[in-house]
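Step one of this worksheet: look at the structure below.
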Amino acid sequence: MILAWVISLLLICSSLIAHLEQWSALKIMHVNTIKTTQAQFMKSEQAVIECEKHILNLLNLSEKDCNIQSVGKNIWMISSKEKPVIQIHVHVDKNSGVAGRINWRQVFE
């Protein structure tokens with residue numbers, strides 16, 4: 001009787017250890033995924049910010065980190081080429097050449 005009780009305790013402990021190992025592996029994957037996603041998001045946002053800062057110069061360049069499209073009336077849509085795709089709309093003042101952000105969104109595919 002005591003032997004069966006000890007064996008059942010050992011089986012429960014080994015099952016607990018296996019579940020803890022699986023949980024730890026999933027937690028490590030979760031943390032790594034979050035770090036990677038945040039780095040990619042920050043890279044996309046930085047590309048959009050750079051294009052927004054230099055929008056008047058970028059309109060003449062052929063190679064850039066973003067796609068720029070005219071929406072009309074000095075409003076431009078800037079979207080990043082990196083994933084996740086971030087789109088912003090900016091209004092460029094003709095007189096001062098300053099771009100002001102109208103809105104921001106993340107594009108889900």
Side-chain angles (χ1 to χ4, degrees):
M1 182 68 174
I2 293 176
L3 186 61
W5 183 75
V6 170
I7 291 172
S8 68
L9 279 178
L10 289 174
L11 288 174
I12 289 173
C13 287
S14 66
S15 174
L16 176 65
I17 290 171
H19 285 292
L20 285 175
E21 287 175 348
Q22 289 175 353
W23 180 81
S24 297
L26 287 174
K27 187 66 174 172
I28 290 170
M29 288 173 33
H30 173 75
V31 169
N32 289 338
T33 302
I34 287 176
K35 286 181 183 179
T36 303
T37 304
Q38 284 177 343
Q40 291 171 341
F41 187 82
M42 290 170 52
K43 189 175 179 182
S44 293
E45 179 65 22
Q46 190 62 36
V48 169
I49 288 171
E50 287 299 316
C51 290
E52 179 183 2
K53 285 181 184 176
H54 307 292
I55 189 165
L56 296 177
N57 297 337
L58 288 174
L59 294 175
N60 301 326
L61 296 176
S62 60
E63 186 174 326
K64 48 194 171 270
D65 293 333
C66 347
N67 297 321
I68 300 175
Q69 298 174 349
S70 174
V71 180
K73 295 187 180 180
N74 296 327
I75 298 176
W76 299 87
M77 182 181 73
I78 302 172
S79 59
S80 65
K81 290 183 180 178
E82 297 285 330
K83 299 257 184 206
V85 177
I86 297 173
Q87 285 183 346
I88 63 170
H89 287 86
V90 293
H91 178 266
V92 179
D93 186 12
K94 279 186 175 180
N95 299 329
S96 65
V98 176
R101 195 178 278 200
I102 297 172
N103 66 358
W104 174 100
R105 76 180 190 117
Q106 180 178 354
V107 178
F108 295 100
E109 296 177 0

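Scope of the values below: all heavy atoms of this structure, side chains included, with no hydrogens, waters or symmetry mates.
Distance CD/Gln69 to CD/Gln87: 8.0 Å, rounded to 0.5 Å. Taking CD of Glu52 as the start and CD1 of Ile88 as the end, the distance is 4.0 Å to the nearest 0.5 Å. Considering NZ of Lys94 and NZ of Lys73, their distance stands at 11.0 Å, rounded to 0.5 Å. To the nearest 0.5 Å, atom OG of residue Ser79 and atom CD of residue Gln106 are 13.0 Å apart.
Val85 and Met77 sit in two unconnected hydrophobic clusters of ILVMFWY residues. Membership requires side-chain heavy atoms under 4.5 Å apart, directly or through other members. The hydrophobic clustering, which links ILVMFWY residues whose side-chain heavy atoms are closer than 4.5 Å, places Ile78 and Ile49 apart. Leu9 and Ile2 fall within the same hydrophobic cluster, where Ile, Leu, Val, Met, Phe, Trp and Tyr residues are linked whenever their side-chain heavy atoms come under 4.5 Å apart, directly or through other members. At a threshold of 4.5 Å between side-chain heavy atoms, the hydrophobic network of Ile, Leu, Val, Met, Phe, Trp and Tyr places Val92 and Val48 in one connected group. Cluster membership check: Val6 does not share its hydrophobic cluster with Ile12, using side-chain heavy-atom separations under 4.5 Å among Ile, Leu, Val, Met, Phe, Trp and Tyr.
Within the structure, side-chain hydrogen bond (donor to acceptor under 3.5 Å, both in side chains) contacts touching residues 24-45 (residues at least two apart or in different chains) are Glu45-Arg101, Glu45-Trp104.
Qualifying side-chain hydrogen bond (donor to acceptor under 3.5 Å, both in side chains) partners for Asn95, counting only residues two or more places apart in sequence or in other chains: none.
Of the possible polar contacts, one joining the Ser80 side chain to the Ile86 backbone as a donor-acceptor pair under 3.5 Å is found.
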Going through the distances and angles, do His89 and Val71 end up as a side-chain contact (heavy atoms from CB on, under 4.5 Å)? CA-CA 9 Å; His89 287 86; Val71 180; 3.9 Å; yes
Could you go through His91 and Ile75, starting from their C-alpha distance and side-chain angles, then the distance that decides it, and tell me whether this counts as side-chain contact (heavy atoms from CB on, under 4.5 Å)? CA-CA 4 Å; His91 178 266; Ile75 298 176; 3.9 Å; yes
